[in-house]
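Accompanying notes for the structure given below.
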Amino acid sequence: MQRVDEMHNNVEKLTQIVQDKIQRLKELYEVTEKIGVSIASNNLEELKNLLTTKQKIIEEIDKLDADFIPLYNVFKKQNKVESIFDLEGKVTEEISKLKALFIETKALLGKIKEKDDKNLQNITAIFEKIENKLEELSKNKEGYIEYLKYYTPDSYFLDKKR
C-alpha cells in the first residue's frame, strides 16, 4: 500500500512540475514572438531586454527540469519502463493526465523552436545586409582615398608680396 501511495505522490509531483514547465514554456513562446517583432522593427533596446527575460525563463525551466528528472527516473524504475508511454496495464487517470501534459510540452517546444529558427533567419539576414553595406562603404572609402591621391593638387606656397 505504501508503494502505491508513494507512486501516486510521485505522479502528482511530476504532474505539478510539468504544469509549471508548460506555464513557463508559454511565457517563453510569448517572449520569443516579441523578439521576432523587435527584430523586424530593429528595436535593439527592446531586443536586449527580451533576451534577458528569455534567459531568466530558461533558467527557471532548467530548475524545474532538475527537480523533474530524479522523480521521473524513480517513476520509471518503479514501473520498470523506459518511458511513461510504455506503461500499459497500470494506466490511471493521473498517469493519463501526465501523458497528455508530456504531449503538450513537446508541442510547445516544437512551436518555440520553429519561432526561434525564424527569428534566427531574420537576424542572419539583417547581419548579412549590414555586412554588405559595410563592404560597400569600405570600397567607396578606398576609392575616395585613391581619388584624393591622384586628383588633389599639390600644396603651393603663394607669396603675396610680389
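- Every pair passing salt bridge (charged side-chain N to carboxylate O under 4.0 Å, His left out) that includes a residue from residues 27-39 is listed here, sequence neighbours excluded: Arg24-Glu27.
- Pairs engaging residues 19-66 under the ring pair (Phe, Tyr, Trp, His ring centres under 6.0 Å) rule: none recorded [sequence neighbours left out].
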The test is side-chain contact (heavy atoms from CB on, under 4.5 Å); show your working for Leu108 and Leu28 and say whether it passes. CA-CA 10 Å; Leu108 273 170; Leu28 186 63; over 6 Å; no

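- The closest side-chain heavy-atom distance from Gln55 to Leu51 is not below 4.5 Å.
- Checked against a 6.0 Å centroid threshold, the rings of Phe68 and Phe102 count as neighbours.
- The environment of Phe85 atom CZ is dense: over 12 non-hydrogen atoms of other residues, nucleotides or ligands sit within 6.0 angstrom.
- No side-chain heavy atom of Lys97 sits under 4.5 Å from any side-chain heavy atom of Glu94.
- Residues that satisfy the salt bridge (charged side-chain N to carboxylate O under 4.0 Å, His left out) test with Lys54, not counting sequence neighbours, are Asp116.
- A distance of 7.0 Å separates CD in Glu59 from NZ in Lys63, rounded to the nearest 0.5 Å.
- Two different hydrophobic clusters hold Val37 and Leu120 under the rule that ILVMFWY side chains link at heavy-atom gaps under 4.5 Å.
- Separating the CD1 atom in Ile84 from the CG atom in Leu14 is a distance of 7.5 Å, to the nearest 0.5 Å.
- For Asp67, there are no side chain to side chain donor-acceptor pair (under 3.5 Å) partners, not counting sequence neighbours.
- In the displayed structure, Glu82 atom CD is contacted under 6.0 Å by at most 12 heavy atoms of other residues, nucleotides or ligands.
- Atom CD of Glu135 is surrounded by more than 12 heavy atoms from other residues, nucleotides or ligands within 6.0 Å.
- For the pair Ser83 and Lys76, the tightest heavy-atom approach, listed with the atom from each and the gap, is N-CD, 4.1 Å.
- Using a 4.5 Å heavy-atom cutoff, the side chains of Phe75 and Ile95 are in contact.
- Summarising the geometry, atom CD1 belonging to Ile17 is positioned 12.5 Å from atom CD1 belonging to Ile22; distances are rounded to the nearest 0.5 Å.
- With contacts defined as side-chain heavy-atom distances shorter than 4.5 Å, the pair Ile126/Asn42 qualifies.
- Separating the NZ atom in Lys56 from the CD1 atom in Ile58 is a distance of 13.0 Å, to the nearest 0.5 Å.
- The distance from atom OG1 of Thr53 to atom NZ of Lys48, rounded to the nearest 0.5 Å, is 11.5 Å.
- Closest heavy-atom contact between Leu87 and Lys99: O-NZ, 3.7 Å.
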Please assess Asn10 against Gln78 for the test side-chain contact (heavy atoms from CB on, under 4.5 Å), listing each intermediate value before the final yes or no. CA-CA 10 Å; Asn10 248 358; Gln78 286 175 339; 3.9 Å; yes

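- Atom CD1 of residue Ile123 and atom CD1 of residue Ile39 lie 4.0 Å apart, to the nearest 0.5 angstrom.
- Residues Val31 and Leu50 come closest through the heavy atom pair CG1-O, 3.5 Å.
- Residue pairs meeting the side-chain hydrogen bond (donor to acceptor under 3.5 Å, both in side chains) criterion with at least one partner in residues 117-130, sequence neighbours excluded, are Lys113-Asp117.
- Glu104 is linked by a salt bridge (charged side-chain N to carboxylate O under 4.0 Å, His left out) to Lys26, counting only residues two or more places apart in sequence or in another chain.
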